[in-house]
Amino acid sequence: AGSGKFFVGGNWKCNGTKESIGKLISDLNSAKLESDVDVVVAPPFIYIDQVKSSLTDRMEVSAQNCWIGKGGAFTGEISGEQLKDIGCKWVILGHSERRHIIGEDDEFIGKKAAYALGQGLGVIACIGELLQEREEGKTFDVCYKQLKAFADAVPSWDDVVIAYEPVWAIGTGKVATPQQAQEVHVAVRDWLIKNVSAEVASKTRIIYGGSVNGSNCADLAKQEDIDGFLVGGASLKGLVIS
Ligand code: G3P
């Protein structure tokens, strides 16, 4: 397993209002969190300031995306510098919804990761196969290709957490079995050993995302190579998974 602390991220995606987010924050602030777990929440950009100013320091804040480089004349974008300025510690990059709905490609995502790391942000680097790719036996190839794009771009893995999110498990209620997830996590770690270094492979946390909730998280967390979760839907219900 990775050597870092267990990592639990809540990706709120494009959800929430000032009111519902205020409620979520007060639930989180009063929750009993295990001390050896990193807890990170990722609100939509416009609510980051609200979350930063009301969430206790026990938890950290992530963005769900950022611009590829320095800010400037890029209408509608948010730069890594601005995320740092507002108190974000992390940014999620390469989420399947950005890959498959918005059309971001590996190279673009890799560049974003490199730039964000250069600004001192941690990167939650997402990878994962589509159902069809799994059915065609291409799961590992797809994950390796997405990983390679990160590896080719990032100067260091110190502040990177890898999130394996099989696309067929996202928002579908069809969670990967602990064995399915473990199989990919171990393959990702082996890939890192062979293509980056044994040290990076052992230090980098590999977290699982896709229909994680309060009832299935314990079995997943028991797997040797599952070092945390990236939770979507369940994180909006204020469920704290540790
Ligand atoms: O980034 C987390 C996510 O994609 C998983 O979403 O709703 O299946 O937990 P969900």
Side-chain angles (χ1 to χ4, degrees), residues 6-16 20-21 24 27-28 31 37-45 47-48 51 59-66 83 88-104 109 112-113 116 121-134 139 142-143 146-147 150 160-178 180-182 184-185 188 204-221 223 226-242:
F6 204 76
F7 183 106
V8 180
N11 175 7
W12 297 350
K13 308 193 179 185
C14 184
N15 292 293
S20 70
I21 286 175
L24 207 44
D27 287 353
L28 286 168
V37 177
D38 283 334
V39 180
V40 174
V41 295
F45 285 133
Y47 298 112
I48 289 175
V51 173
M59 291 163 271
E60 293 179 337
V61 180
S62 175
Q64 300 173 14
N65 179 36
C66 71
L83 294 181
C88 267
K89 285 270 167 53
W90 297 90
V91 59
I92 298 171
L93 293 173
H95 191 279
S96 82
E97 286 142 22
R98 297 212 62 88
R99 292 177 185 273
H100 300 293
I101 302 174
I102 318 289
E104 293 190 8
I109 296 162
K112 284 186 175 190
L121 291 161
V123 169
I124 302 168
C126 303
I127 60 170
E129 81 288 358
L130 297 163
L131 180 60
Q132 192 187 340
E133 292 165 337
R134 172 163 283 264
T139 298
V142 170
C143 291
Q146 294 172 349
L147 264 180
F150 282 114
V160 179
V161 169
I162 297 171
Y164 168 57
E165 299 205 334
V167 182
W168 48 270
I170 298 176
T172 57
K174 272 198 220 159
V175 63
T177 65
Q180 283 174 319
Q182 167 64 16
V184 178
H185 284 225
V188 166
T204 304
R205 288 171 289 182
I206 306 172
I207 66 176
Y208 168 81
S211 296
V212 174
N213 61 34
S215 8
N216 58 32
C217 64
D219 282 345
L220 287 159
Q223 300 299 309
I226 297 184
D227 306 316
F229 299 117
L230 190 55
V231 186
S235 73
L236 290 165
K237 295 182 191 128
L239 280 184
V240 176
I241 291 166
S242 61

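Atoms considered below: every heavy atom in the structure, side chains included; atoms not considered: hydrogens, waters and symmetry mates. As the structure lists them, so they are numbered: ligands from 1, and atoms in each ligand from 1.
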| task | Check each atom of ligand 1 against the heavy atoms of G233 and keep those under 4.0 Å away; list them by number with element. | result | 7 (O), 9 (O), 10 (P)

| What protein heavy atom is closest to atom 9 (O) of ligand 1, reported as residue, atom name and distance in Å? | G232 N, 2.8 Å

| field | ligand 1 contact on I170 by region, counting heavy-atom pairs under 4.0 Å | value | both

| message | Closer than 4.0 Å to some heavy atom of G210 - which atoms of ligand 1 meet that? | response | 5 (C), 8 (O)

| field | Test side chain to side chain contact (heavy atoms under 4.5 Å, CB included) applied to Y47 and V41, step by step | value | CA-CA 11 Å; Y47 298 112; V41 295; over 6 Å; no

| At a 4.0 Å cut-off, with the gap strictly under it, does some heavy atom of A234 reach an atom of ligand 1? | no

| request: Report, in ascending order of atom number, the atoms of ligand 1 lying under 4.0 Å from any heavy atom of H95. | output: 1 (O), 2 (C), 3 (C), 4 (O)

| Side chains of F150 and V160: does their closest heavy-atom pair fall under 4.5 Å? | no

| query | Do ligand 1 and V231 have nitrogen or oxygen atoms that lie under 3.5 Å from each other? | reply | no

| remark: Here the atoms of ligand 1 under 4.0 Å from any heavy atom belonging to A169 are 8 (O)

| message | Please list, in number order, the atoms of ligand 1 under 4.0 Å from a heavy atom of E165. | response | 1 (O), 2 (C), 3 (C), 4 (O)

| Heavy-atom nearest neighbour of atom 8 (O) of ligand 1 within options G171, G173, G209 | G171

| query | Heavy-atom distance under 4.5 Å between the side chains of Y164 and I226, does that happen here? | reply | no

| task | Could you say whether the N/O atoms of T172 and ligand 1 ever approach to under 3.5 Å? | result | no

| Is the backbone N or O of T139 less than 3.5 Å from a side-chain atom of R134, with the two atoms forming a donor-acceptor pair by type? | no

| request: Please state which part of S235 comes within less than 4.0 Å of ligand 1, counting heavy atoms only: side chain, backbone, both or neither. | output: neither

| Option among V91, V123, I92 that satisfies the side chain to side chain contact (heavy atoms under 4.5 Å, CB included) test with C66 | V91

| said: Quick test: of every protein heavy atom, which one is nearest to atom 6 (O) of ligand 1, and how far off is it to 0.1 Å? | reply: K13 NZ, 3.2 Å

| query | According to the interplanar angle, ranging from 0 to 90°, do the rings of W90 and F7 count as parallel (below 30°), tilted (30 to 60°) or perpendicular (above 60°)? | reply | perpendicular

